[in-house]
2 protein chains.
Amino acid sequence: MKENEFNYEVGNYRTPDGAPTDIVIFTIVTTERSSLKKSLPKRDLQVLLIERKVWPFEGAWALPGGFTLDTETVYDCARRELKEETGVDDVHIEYFNVYSEPGRDPRGWIISHAFLALVNEQLLLKRRASVDAADVQLFPVEEALKMNLAFDHRVILEDALRIIRDKMLTTTIAREFLPEEFTISELYQVIQTVVPEFAEQNFTRKITSTQSRQGIIEEVTDEDGRPKQSNLYSQRAAQLYRFRELAPRLSIYG
Amino acid sequence: MKENEFNYEVGNYRTPDGAPTDIVIFTIVTTERSSLKKSLPKRDLQVLLIERKVWPFEGAWALPGGFTLDTETVYDCARRELKEETGVDDVHIEYFNVYSEPGRDPRGWIISHAFLALVNEQLLLKRRASVDAADVQLFPVEEALKMNLAFDHRVILEDALRIIRDKMLTTTIAREFLPEEFTISELYQVIQTVVPEFAEQNFTRKITSTQSRQGIIEEVTDEDGRPKQSNLYSQRAAQLYRFRELAPRLSIYG
DNA sequence: AGAATAGTGTCTGTCAGACATTATTAT
DNA sequence: ATAATAATGTCTGACAGACACTATTCT
């Protein structure tokens, strides 16, 4: 390295003390409504938090994360941390913002890169069985927002929430919370769990029968080409659907 | 600072050598079609680049940017750099991604934060008059994409382009390239300049008369409440419009 | 008159929104 | 039968897409 030229541009300014990632891991927790069987379960959007054991914010709950190494991208780091905390890989993980407010971390000048991950409950269960981690826990987002989270993690969580609420309606990320094959009611419920104000009276018809939404989902059929149905959550069996690749182009101009 | 605890968590790992910002500054350059007066001008999406004078990538063109100070956020830094390079402030500037590939900067471990800015041509002109900067220049984006830009700036530019193309159709950022009051044709042209494949036969009617798009723009009237028109670009005078605050909510589900 | 842009008329098929109704099946 | 969810029917007004047409004014 040409040391003098390096110094010329970088100068003798202070350099950051670290470039960590923080990961907002969302999952939807399904709880059967015990009273009656064959009824739709309750769904709850939850976020994974870790109780800090060391200074700073000792004892407070925080988003999982860790410092990026000089041999990896921040994206690699986020995936690595996600794997460490949840045991899962190959899930939707997405970078959404940087947090660089001076003083946000008492340890020094630390610029954090925030990711959000959407993890299917089924995948999380494996990990939760294997590790008895009292210091790693899922919280309903509404509850987490009221807690005194470490660092600026409340702001990060709020930002992440805003983003998945937006994306839930404008992309097909709902698929991340659903099994491969699902019913319309499940899809509707997942959307409503993330975006409570979502209400669409003619949802079934719109998602299945309108031309402009062709290609979002398709009916699942068995080997003989007959419609495949499920009566897991209902008396009357419901048609199963799966997501296709096509997502419609949105535009405000028509 | 508790030095030992700091070391415990941060460890003795290497820390980054800098957290700069790179800014993709877009503008739309308008050139009158000289042949005939009263005709729509040609518009061209251009990006501001700077010729590097020092190692590394000496002589190559690069995105403007600079190192973040420990007293500011990366957002502050981007705004500061934008002001330095263009003389403008108070324009649309937005963070969009982080670039952290090891080795992306020969000077060391440098994680860059990329912003995009949309600057109205009129605002840029002031600056361009005051500074004769042969090393600061606007390039049509198509041309810039073919150049050997410094660092990973080609990738950054491609990402930025993808984002403003998407946002041009889903938000009202077109306003950033337009004067306060504009005609439908101007708006249409700006959209097409950024998204060449955009074509909407009934654009006028959709943007002015459909209920679902109420509130995007409104007619401009003079003090007496009479419609205000402009014949700057046309024989027949055209109604002037301005953007309102409301942007429609988009959803793929209806 | 011709050129250049602005803006409206008209028609068909599809969709949105609101609401009611029927269908299916475990209990 | 009842409960619970799944799915369709029906109606009105609005919109999309396509294309032709009229309007205005500078040259």
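Chain letters run A, B, ... following the sequence lines, proteins first, then strands; residues in each count from 1. All values below come from the heavy atoms of this structure, side chains included, with hydrogens, waters and symmetry mates left out.
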Does a sphere of radius 6.0 Å around CZ in A/Arg154 hold more than 12 heavy atoms from other residues, nucleotides or ligands, not counting ones at 6.0 Å or beyond?
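Counting other residues, nucleotides and ligands, CZ of A/Arg154 stays at 12 neighbours or fewer.
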So does A/Asn148 have more than 12 non-hydrogen atoms from other groups sitting under 6.0 Å from CG?
no
Length of the [atom1]-[atom2] vector between [X] and [N], whole Å:
X        : N      : atom1 : atom2 : answer
A/Lys42  : D/dT5  : NZ    : P     : 14 Å
A/Glu186 : D/dA7  : CD    : C1'   : 16 Å
B/Tyr233 : D/dC26 : OH    : P     : 17 Å
A/Gln189 : D/dT5  : CD    : C1'   : 11 Å
A/Ile252 : D/dA16 : CD1   : P     : 13 Å
B/Phe203 : C/dA6  : CZ    : P     : 12 Å
B/Gln229 : D/dT25 : CD    : C1'   : 12 Å
A/Leu187 : D/dA6  : CG    : P     : 12 Å

Go through the structure and list residues passing salt bridge (Lys or Arg N to Asp or Glu O under 4.0 Å) with [X], not counting sequence neighbours.
X        : value
A/Glu218 : A/Arg242, A/Arg244
B/Arg249 : none
A/Asp44  : none

Just checking, any donor-acceptor pair under 3.5 angstrom between side chains of B/Thr21 and B/Glu81?
no
So, A/Asp159 and A/Tyr99: side-chain donor and acceptor under 3.5 Å apart, yes or no?
yes
Minimum-distance nucleotide (side-chain atoms of A/Gln235 versus D/dA6, C/dT24, C/dA4)
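The closest nucleotide is C/dT24.
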Given B/Lys228, which of B/Glu219, B/Glu181, B/Glu223, B/Gln239 fulfils the side-chain hydrogen bond (donor to acceptor under 3.5 Å, both in side chains) condition?
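So the option named by the test is B/Glu181.
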Using Watson-Crick and G-U wobble pairs with both distances under 3.5 Å, what is the 5'-to-3' dot-bracket string of DNA chain D, with [ ] for crossing pairs and | for pairs outside the strand?
|||||||||||||||||||||||||||
Per-nucleotide protein contact string for nucleotides 14-21 of chain C, where B marks a base within reach and S marks sugar-phosphate only (heavy atoms under 4.0 Å, - for neither)
SSSBBB--
Return the minimal non-hydrogen interatomic distance between A/Arg165 and A/Val194, and the atom names on each side.
NE-O, 2.8 Å
Looking at side-chain heavy atoms only, is the closest gap between A/Leu45 and A/Leu161 below 4.5 Å?
yes
So if I take residues 238-247 of chain A and measure heavy-atom distances to DNA chain D, which residues fall below 4.0 Å?
A/Ala238, A/Gln239
In this structure, is the centre-to-centre distance between the rings of A/Tyr253 and B/Tyr188 below 6.0 Å?
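No.
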